[in-house]
Asks: 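This is the structure, below, for whatever I ask next.
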Amino acid sequence: MADYRTLKAEPLTNAIRAIVKAGGSSDHEAELVATNLVEANLRGHDSHGVGMIPRYVQSVTNGGLAVNQHVKIVLDTGPLLTLDGLTGYGQVIGHEAMELAAERAKSNGVCLVGLSNSHHIGRIGHWAEQCIDHGLVSIHFVNVISRPIVAPWGGSDARHGTNPFCVGIPRRGKDPIVLDFATSRIAQGKTRVAHNKGVELEPGTIIDNEGKPTVNPRYTVIPPYGAILPFGEHKGSGLALVCEILGGALSGGQVVKGPSDGKYNVINGMLSIVIDPGKLGTGENLAREVESFVAWHTGSPPGPGVDKVLIAGDPERETKKKRLAEGIPVDPTTWREILEAGKKFGLDQAAIEKIAG
């Protein structure tokens, strides 16, 4: 870790906010983008953190990411919402979409929301946590329109994105359950992080441009491209298929139909089901039964090399506590890319370094 920058969350947020604002975003938009990205780093998901800024800057400059956009309501029947993200910053579009969905769910008991055409929507657990803050259960299916990066089970080249799946369940007075994972073996951003660090991936994670197993992350970052494998073999691949269709097509958006157009844009579609347990009449039952099962689940004697049995969301919370205290590690390649991205928006390196501390 000797070559790493270790940055405290607040000054790092300030630096990212300054870069986004320099690209033409309002104060509010810059704040949402910066806090969202740094929160991903705090929770250990560096793949969805500040390392995305160079890609965002590239997308703004090539016209694939539109600044200062707000979610457009295409259809609103109360429990059904169809929304268009207008290729705006996903951190803004996602926030506005979930606020609308939470409002409808609290009024009607449930809201089914189809969101299309949002620029990179980031860590999906963030949106589940937003619903949890409203006391709501949520389920999310997401697709990715960008360069295909994941091979279908049994295939030898990339045919779709990492297509995340997420569920958030609130608990009274206790940390919530947040299940959030890519349907690929690892997130695409994690291969970028590994490439920047100069480290190998675990065997069985990716294939090269000839469809052969490899541990070199360059095959998902620079040409010639290979592909990430699906998690869980045919099961993960099947879930990715469902996320593509529900998140991409049923939401009102698009599905992957072929190779990338060569641009650095990342467009997400997301189908979300947001439920008010109280309106369903099962709120008390949910609260009681969740605690019963969590106690039973985590009560299993830890296996070899395991300290304790966790629930979904625990590792992220533990990482956040540690990184708030010790700082967020940023590898030198990622930091250099962030500085170069800021320069494209007119900020010199010294200015960003000063803000970041």
Asks: Regarding E39 and H126, is there a side-chain donor-to-acceptor distance under 3.5 Å anywhere?
Replies: no
Asks: Ignoring hydrogens and angles, state whether a donor on the side chain of Q130 or E99 is under 3.5 Å from an acceptor on the partner side chain.
Replies: yes
Asks: Walk me through whether L241 and I245 qualify under side chain to side chain contact (heavy atoms under 4.5 Å, CB included).
Replies: CA-CA 6 Å; L241 174 71; I245 294 167; 4.1 Å; yes
Asks: Is I19 close to I352 at the side-chain level, that is, under 4.5 Å between some pair of heavy atoms?
Replies: yes
Asks: So, does D180 use its side chain to make a donor-acceptor pair with the main chain of G125 at under 3.5 Å?
Replies: yes
Asks: Quick one: closest heavy-atom pair of V92 and H70, and the distance?
Replies: CG1-ND1, 4.3 Å
Asks: Roughly how far, to the nearest 0.5 Å, is the OG1 atom of T319 from the CZ atom of R43?
Replies: 9.5 Å
Asks: With a 4.0 Å cut-off on N to O distance, would you call E10 and K8 a salt bridge?
Replies: no
Asks: Suppose we call two aromatic rings close when their centres sit under 6.0 Å apart. Are Y89 and H120 close by that rule?
Replies: no
Asks: For the pair S251 (side chain) and L271 (backbone), establish whether a donor and an acceptor sit closer than 3.5 Å, ignoring hydrogens and angles.
Replies: no
Asks: Write down the atom of P176, the atom of R171, and the distance for their closest heavy-atom approach.
Replies: CA-CD, 4.2 Å
Asks: Answer yes or no: is there a donor N or O on one side and an acceptor on the other, between the side chain of S146 and the main chain of N265, under 3.5 Å?
Replies: yes
Asks: Taking atom types as modelled and ignoring hydrogens, do the side chains of T282 and N285 form a donor-acceptor contact shorter than 3.5 angstrom?
Replies: no
Asks: Is there a donor in the side chain of Q91 and an acceptor in the side chain of Y56, or the other way round, less than 3.5 Å apart?
Replies: yes
Asks: Are K174 and V290 side-chain neighbours, meaning at least one heavy-atom pair lies under 4.5 Å?
Replies: no
Asks: Salt bridge between E129 and R123, side-chain N to carboxylate O under 4.0 Å?
Replies: yes
Asks: Which pair of non-hydrogen atoms, one from S300 and one from V309, has the smallest distance, and what is that distance?
Replies: O-CG2, 3.4 Å
Asks: Provide the closest heavy-atom pair for P164 versus I124 in the form atom of the first, atom of the second, distance.
Replies: CB-CG1, 3.8 Å
Asks: Say whether T77 and R104, considering side chains only, have a donor N or O and an acceptor N or O under 3.5 Å apart.
Replies: no
Asks: Identify whether the distance between the nearest side-chain nitrogen and carboxylate oxygen of K21 and D27 falls below 4.0 Å.
Replies: yes
Asks: Does atom CZ of R218 have more than 12 heavy-atom neighbours from other groups under 6.0 Å away?
Replies: yes
Asks: Would you mind reporting whether I328 and L12 have side-chain heavy atoms less than 4.5 Å apart?
Replies: yes
Asks: Apply salt bridge (charged side-chain N to carboxylate O under 4.0 Å, His left out) to the pair K308 and E318, showing each step before the final yes or no.
Replies: CA-CA 13 Å; K308 59 181 178 179; E318 291 179 4; 3.6 Å; yes
Asks: Consider only side-chain N and O atoms of N41 and D46, and report whether a donor and an acceptor are under 3.5 Å apart.
Replies: yes
Asks: Check whether F141 and I149 end up in the same hydrophobic cluster, where Ile, Leu, Val, Met, Phe, Trp and Tyr are linked by side-chain heavy atoms less than 4.5 Å apart.
Replies: no
Asks: Which residue pairs pass the ring pair (Phe, Tyr, Trp, His ring centres under 6.0 Å) test with at least one member in residues 305-354, sequence neighbours excluded?
Replies: none
Asks: Whether R336 and E340 form a salt bridge (side-chain N of Lys/Arg under 4.0 Å from carboxylate O of Asp/Glu) is what I want to check.
Replies: yes
Asks: Give the ring-plane orientation class for H28 versus H95, where under 30° counts as parallel, over 60° as perpendicular and anything between as tilted.
Replies: perpendicular
Asks: Please state whether the rings of H297 and F293 are parallel, tilted or perpendicular, taking 30° and 60° as the class boundaries.
Replies: tilted
Asks: Salt bridge check: are E353 and R5 linked by an N-O gap of less than 4.0 Å?
Replies: yes
Asks: To check you understand the geometry: which heavy-atom pair defines the closest contact between A105 and C111, and what is its length?
Replies: N-CB, 3.9 Å
Asks: When clusters are formed by joining ILVMFWY residues with side-chain heavy atoms under 4.5 Å apart, either directly or through shared neighbours, do V167 and V242 land in the same one?
Replies: yes
Asks: Between N196 and T334, does any side-chain donor sit less than 3.5 Å from a side-chain acceptor?
Replies: yes
Asks: Does V137 share a hydrophobic cluster with L80, counting links as ILVMFWY side-chain heavy atoms below 4.5 Å and allowing steps through other members?
Replies: yes
Asks: Filter on ring pair (Phe, Tyr, Trp, His ring centres under 6.0 Å), then keep only pairs touching residues 308-334, sequence neighbours left out; what's left?
Replies: none
Asks: Under 4.0 Å between a side-chain nitrogen and a carboxylate oxygen: does that hold for D175 and R317?
Replies: yes
Asks: Are a donor atom and an acceptor atom from the side chains of H119 and T87 found within less than 3.5 Å of each other?
Replies: no
